[in-house]
Undergrad: 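To start, I am sharing the structure in question, which I have written as structure tokens.
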Amino acid sequence: MTRMVRINRDRLWASLMELKQIGAYHDQATGLRGVRRLALTDADAQARRRCVDWMLQAGLEVRVDRIGNVYATRPGRDRSLPCVLMGSHIDTVATGGAFDGTLGVLGGIEVMRTLNDAGIQTLRDIEVGFFTEEEGVRFGTDMLGSAVTAGRIPLEVARKLTDEAGKTVGDELIRIGFDGEAHERRPVPHAYLECHIEQGPILAGAGVDIGIVEGVQSISWQRLTIHGEAAHAGTTPIASRHDAGLAAASVVVEARRMCDSSDFGQLRATVGNLGIGGGQTNVIPRQATLTIDLRNPADDLMTAAEQHLASYAGELAAQHGVRIAWERMAKTAVVPFHPGIQDLLAATADDLGLPYVRVMSGAGHDAQEIAAICPTAMVFVAGENGGISHTPREYSSPGACANGTDVLANAVLRLADQP
Ligand code: GLV
Ligand code: MN
Ligand code: MN
């Protein structure tokens, strides 16, 4: 008979509510208190220290690696066996909420506390970790810490990435005291599990708290810089202009048209950054920059979308006499999760009496990187307000968070007792 545990719901919720105080800000747009904890800022450092304190209080062995990922170990009976790893991230976007990433980390710490309370010893070590710069908002590349761990991004490349002020990842790690000594290519785990809020409407629509995640869709981030020519707004004939702002606006509209067409499957395209250099009412914009975030659950249709955008930009450049430079920020292919681990999560949810649906992830996650090195899957937790996320309106109920963490705890327990 498999051992079953239940996490301490109030303790998990108290931890979530405590961590959201770190980096709290007043959000003008919603009138709510949000969380702004960009990677490797002072707020992130403070939240990291709080998590490390909780890890130490749970009797865990803590180590930090050279990209600032933090791992905490609960020893098993046979320390020569690969561990079972849980994790996620505690950095947020600039307009974040209390649950994105944080649930998986504080949930993992709660799993450790629960096992301690129950006096359970496992065969394998269990670890809980958090990865550096999952959001990619500050240094421009998402899933940074986990991508370095999985070997997709070299450590030295990652450490040289800069934020808008020119500060590097490496210098910021040193400054906040998280430039660790452990090797960034961590030992390969037996399995990796990540519990995360869904950040979408599917679970709530199905009336369940739990999602078993089948995989993550492809993600493409690019930055375009459009070089035109400044000239007088009143005197320059329309046909003689090289208007960088107009070209940028055309890209935004085309990105939406692509989503509305049937040519690129379930493409989602977002221009979340749009800047027009100069910013003078009576001067034709000389330069414009924008970022394009593309998501697609089919790799071939993602490639088709990228190729279409490139050729569209080529036409725009010819039409308006502007020059367009492309910079690749991030790109990941579709990542399917391990069928056996998905089934183990599903069986665990069944045993807990928790209904679930199987879903594909719309958002990117550290799990998509760690999937390259070991069997991996994710548990999703339903959100309210249509699952809205990356805004302070993000909210998952105490019950949903606890149910997801119960699935995590019991799945980890099963994996950690596998010989
Ligand atoms: C991560 O939050 C993403 O952008 O999907
Ligand atoms: Mn996240
Ligand atoms: Mn996020």
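Hydrogens, waters and symmetry mates are skipped; everything else that's a heavy atom, side chains included, is used. Start at 1 and go down the list; that is how both ligands and their atoms are numbered.
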Undergrad: Taking 4.0 angstrom as the limit, do Glu181 and Arg66 come out as a salt bridge?
TA: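 No, Glu181 and Arg66 are not salt-bridged.
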Undergrad: Within a reach of under 6.0 Å around CZ of Arg286, are more than 12 heavy atoms found that belong to other residues, nucleotides or ligands?
TA: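 Count not over threshold, so no.
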Undergrad: Which atom, among the N/O/S set of Glu135, is closest to the Mn ion (ligand 3)?
TA: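 For Glu135, the N, O or S atom at the smallest distance from the Mn ion (ligand 3) is OE2.
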Undergrad: Would you say Arg358 has more than 12 foreign heavy atoms packed within less than 6.0 Å of its CZ?
TA: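 Yes - once you tally the heavy atoms of other residues, nucleotides and ligands closer than 6.0 Å, there are more than 12.
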Undergrad: Are any N, O or S atoms from His89 nearer to the Mn ion (ligand 3) than 2.8 Å?
TA: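 No, since none of the N, O or S atoms of His89 sits under 2.8 Å from the Mn ion (ligand 3).
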Undergrad: Would you say His196 reaches the Mn ion (ligand 2) with an N/O/S atom under 2.8 Å?
TA: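 It does: His196 brings an N, O or S atom closer than 2.8 Å to the Mn ion (ligand 2).
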Undergrad: Assess whether atom CD of Gln266 is packed by more than 12 heavy atoms of other residues, nucleotides or ligands within 6.0 Å.
TA: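 No, the 6.0 Å shell around CD holds no more than 12 heavy atoms from other groups.
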Undergrad: With carbon and hydrogen excluded and only N/O/S kept, which atom of Asp100 is nearest the Mn ion (ligand 3)?
TA: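 When I compare the N, O and S atoms of Asp100, OD2 is nearest to the Mn ion (ligand 3).
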Undergrad: Taking N or O atoms only and a 3.5 Å limit, does His390 qualify as a polar contact for ligand 1?
TA: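 Between His390 and ligand 1 (N or O atoms, distance only) the closest approach is under 3.5 Å.
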Undergrad: As an exercise, identify every atom of ligand 1 less than 4.0 angstrom from a heavy atom of Ala363.
TA: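 Answer for ligand 1: 5 (O).
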Undergrad: Answer yes when Arg11 and Glu110 have at least one side-chain N-carboxylate O distance shorter than 4.0 Å, and no when they do not.
TA: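 Counted as a salt bridge, because a side-chain N and a carboxylate O are separated by less than 4.0 Å.
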Undergrad: Tell me whether Gly364 has any N or O atom under 3.5 angstrom from an N or O of ligand 1.
TA: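 Such a contact does occur with ligand 1.
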Undergrad: Taking distance alone, with no angle check, do Glu135 and ligand 1 share an N/O pair under 3.5 Å?
TA: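 Yes; the residue has a nitrogen or oxygen that sits under 3.5 Å from a nitrogen or oxygen of the ligand.
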Undergrad: Counting only heavy atoms, tell me which of Gln199, Arg295, His365 gets closest to atom 3 (C) of ligand 1.
TA: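 Nearest heavy atom to atom 3 (C) of ligand 1 lies in Arg295.
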Undergrad: Is Arg33 positioned over the aromatic face of Tyr25, cation under 6.0 angstrom from the ring centre and no more than 45 degrees off axis?
TA: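 No.
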Undergrad: Using the benzene-type ring in the case of Trp, are the ring centres of His365 and His196 under 6.0 Å apart?
TA: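 Yes, close enough.
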